[in-house]
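Taking it in order: structure first as structure tokens, then the write-up.
To find a chain, count down the sequence lines: A is the first, B the second, and so on, and within it residues start at 1. What you see is a predicted model; the values in this text were computed from it and never measured. No hydrogens, no waters, no symmetry mates; every other heavy atom, side chains included, goes into these values.
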Number of protein chains: 2
Amino acid sequence: MNEQQLITRLRSKGYKVTPQRIAICQLILSSKDHPSAEQIYQEVKKTYPAISLATVYITLDLLKKLGLVQELGFSDQSSRYDPNNSPHINVICPRCGKIYDYEAPNVKKLWYRIIAETGLKPLRQRLDLYTLCNKCSQENPTP
Amino acid sequence: MNEQQLITRLRSKGYKVTPQRIAICQLILSSKDHPSAEQIYQEVKKTYPAISLATVYITLDLLKKLGLVQELGFSDQSSRYDPNNSPHINVICPRCGKIYDYEAPNVKKLWYRIIAETGLKPLRQRLDLYTLCNKCSQENPTP
DNA sequence: TTATTAGATAATAATCATTATTATTTAAGA
DNA sequence: TCTTAAATAATAATGATTATTATCTAATAA
Ligand SMILES: [Mn+2]
Ligand SMILES: [Mn+2]
Ligand SMILES: [Zn+2]
Ligand SMILES: [Zn+2]
């Protein structure tokens with residue numbers, strides 16, 4: 001989704017187009033590492049030093065309502081935001097919190113097969129696989 | 001896991017066996033509805049009126065360390081606790097928070113196939129499927 | 001059985017991510 | 001340009017979870 005599409009999408013839903021919104025949306029929608037609200041805040045601050053953390057939260061909420069991002073809640077860290085809504089696996093390191101997507105045709109295919117079996121109509125899904133990342137597994141092989 | 005197995009497990013790890021622990025462990029390990037800490041607290045209180053919520057949290061932490069329960073963190077509600085560690089799908093209603101397990105041989109089989117494909121060694125997984133429960137979908141068909 | 005003590009519990013304070021509030025600013029339309 | 005409803009920035013409030021600490025007790029051994 002490019003900037004023009006984003007602007008059209010916001011206007012069509014009656015939301016005003018502000019520079020802060022564009023900046024936050026662009027950042028999260030193009031992100032690959034599932035950033036937290038604080039990380040987004042620190043990043044956008046580089047361009048908009050006066051931006052408020054509250055605005056970041058409000059905009060993330062807006063993107064959730066539009067179905068453009070999913071909020072991933074955790075018990076041991078703050079929420080992370082994911083712009084990828086198609087069925088995929090979030091590979092998560094339980095030690096450092098690093099998250100990346102594993103996407104493959106087979107993941108979608110097998111997931112849809114399971115869905116068919118359940119007979120349910122999912123609004124969305126969240127598939128997490130917890131495994132130590134390379135960095136963390138080297139640091140402390142067997143803690 | 002029966003009471004005797006639980007007691008042996010606790011003792012073997014150097015943990016003391018207390019009535020509060022037994023009560024909390026029994027409750028969560030036999031639960032099917034993924035209760036919250038508060039719900040566990042309210043339930044155990046019926047038998048142990050003097051129990052502290054802090055003890056519930058400490059015991060749940062202990063069970064996590066022992067690998068007997070998984071904590072499911074959410075962004076819009078407090079954490080829920082799941083004693084089922086085998087690969088299965090948590091069917092979650094985003095409106096009322098109801099959670100139940102969908103377990104079928106195919107889920108495990110297809111999940112293991114995905115794992116093999118990734119080449120990763122998962123410590124654990126979390127497979128969430130969000131869909132309105134019957135009750136909620138009747139109450140407000142299209143909100 | 002009783003004494004010892006490390007660990008557990010109950011009560012409660014502290015934390016901190018997130019949400020709510022409000023005065024000020026601004027995008028959008030007339 | 002003017003109007004105004006919505007957005008922003010600043011900040012206070014919330015609430016689930018964690019930390020602290022004074023008792024209490026399960027486990028061990030005299
Ligand atoms: Mn993802
Ligand atoms: Mn479950
Ligand atoms: Zn890591
Ligand atoms: Zn429901």
Side-chain angles (χ1 to χ4, degrees), chain A residues 3-4 6-25 27-28 34-42 44-66 69-81 97, chain B residues 3-4 6-25 27-28 34-42 44-66 69-81 97:
Chain A
E3 184 164 332
Q4 205 41 246
L6 175 65
I7 290 174
T8 306
R9 186 72 165 268
L10 289 173
R11 289 237 173 83
S12 75
K13 296 286 181 182
Y15 294 112
K16 289 185 179 173
V17 175
T18 68
Q20 293 96 325
R21 267 189 185 157
I22 297 296
I24 295 167
C25 292
L27 183 64
I28 179 62
H34 308 73
S36 64
E38 182 65 32
Q39 287 171 329
I40 294 166
Y41 173 57
Q42 292 301 336
V44 177
K45 234 178 161 177
K46 293 176 183 170
T47 322
Y48 296 90
I51 204 161
S52 167
L53 180 56
T55 301
V56 173
Y57 275 106
I58 290 169
T59 305
L60 288 170
D61 227 58
L62 169 63
L63 289 170
K64 279 197 287 176
K65 274 188 240 161
L66 293 176
V69 305
Q70 181 177 27
E71 179 176 358
L72 302 176
F74 291 93
S75 58
D76 60 344
Q77 56 175 304
S78 47
S79 282
R80 307 281 289 265
Y81 295 84
Chain B
E3 186 166 331
Q4 204 42 246
L6 174 65
I7 290 174
T8 306
R9 187 71 165 268
L10 289 173
R11 290 237 172 84
S12 75
K13 296 285 181 181
Y15 295 111
K16 289 185 180 174
V17 175
T18 68
Q20 293 96 326
R21 264 187 189 159
I22 297 296
I24 296 167
C25 292
L27 184 65
I28 177 64
H34 308 73
S36 65
E38 182 65 32
Q39 288 171 329
I40 295 166
Y41 173 58
Q42 292 302 335
V44 176
K45 234 180 162 175
K46 293 176 184 170
T47 322
Y48 296 90
I51 203 161
S52 167
L53 180 56
T55 300
V56 173
Y57 274 107
I58 290 169
T59 306
L60 288 170
D61 227 58
L62 169 63
L63 289 170
K64 280 197 288 175
K65 273 188 240 161
L66 292 176
V69 306
Q70 181 178 27
E71 180 176 358
L72 302 175
F74 292 93
S75 57
D76 60 344
Q77 57 175 304
S78 47
S79 282
R80 307 282 288 267
Y81 296 84

Closer than 3.5 angstrom, by distance alone: can the side chain of B/Arg80 be matched with the main-chain N or O of B/Gly97 as a donor-acceptor pair?
yes
Nearest-0.5 Å distance that lies between atom OH in B/Tyr81 and atom CD1 in B/Ile28:
8.5 Å
Counting any heavy atom closer than 4.0 Å, what does B/Ser79 reach on the DNA or RNA strands: base, sugar-phosphate only, or nothing?
sugar-phosphate
By nearest atom, which of the nucleotides C/dA17, C/dA28, C/dT9 is closest to the A/Ser78 side chain?
C/dA17
B/Tyr15 or B/Asp61: which one's nearest nucleotide on DNA chain D is closer to the 5' end?
B/Asp61
Phosphate OP1/OP2 of D/dA9 contacted by A/Gln20 side-chain N/O (<4.0 Å):
yes
Figure out the CZ/P separation between A/Arg11 and D/dA7, and round it to whole Å.
13 Å
Counting just side-chain N and O atoms, does B/Gln77 come under 4.0 Å of either OP1 or OP2 of D/dA16?
no
Could you tell me whether the side chain of B/Ile51 reaches within less than 4.5 Å of the side chain of B/Ile24, counting heavy atoms only?
yes
How would you label the contact of A/Ala54 with the nucleic acid (heavy atoms, under 4.0 Å): base, sugar-phosphate, or nothing?
base
Protein-nucleotide distance (B/Tyr41, atom OH; C/dT9, atom P), rounded to Å:
14 Å
Does OP1 or OP2 of C/dT9 have a side-chain N or O of B/Arg21 closer than 4.0 Å?
yes
Counting only side-chain N and O atoms of B/Thr55, is one of them less than 4.0 Å from OP1 or OP2 of C/dA10?
yes
Take atom CD of A/Gln39 and atom P of C/dA17, then tell me their distance rounded to the nearest Å.
12 Å
Length of the line joining A/Lys64:NZ and C/dT18:C1', which is rounded to integer Å
10 Å
Atom CD1 of A/Ile58 to atom C1' of C/dT21: distance rounded to whole Å?
11 Å
5'-most by nearest nucleotide on DNA chain C - B/Ser52 or B/Lys16:
B/Lys16
When rounded to whole Å, the CG to P distance for the pair B/Leu53 and C/dA10 reads 11 Å
Point-to-point distance, once rounded to the nearest 0.5 Å, from SG of B/Cys25 to CZ of B/Arg9
11.0 Å
Can you tell me if the side-chain N/O atoms of B/Tyr57 get under 4.0 Å from OP1 or OP2 in D/dT18?
no
Nearest-nucleotide wise, let me know which of B/Pro19 and B/Ser75 is further upstream toward the 5' end of DNA chain C.
B/Pro19
side-chain hydrogen bond (donor to acceptor under 3.5 Å, both in side chains), paired with B/Gln42, selected from B/Glu38, B/Lys46, B/Lys45:
B/Glu38
Separation of C/dA27 C1' from A/Lys13 NZ (nearest whole Å)
20 Å
Here the distance between atom P of C/dT9 and atom CD1 of B/Ile22, to the nearest Å, is 10 Å
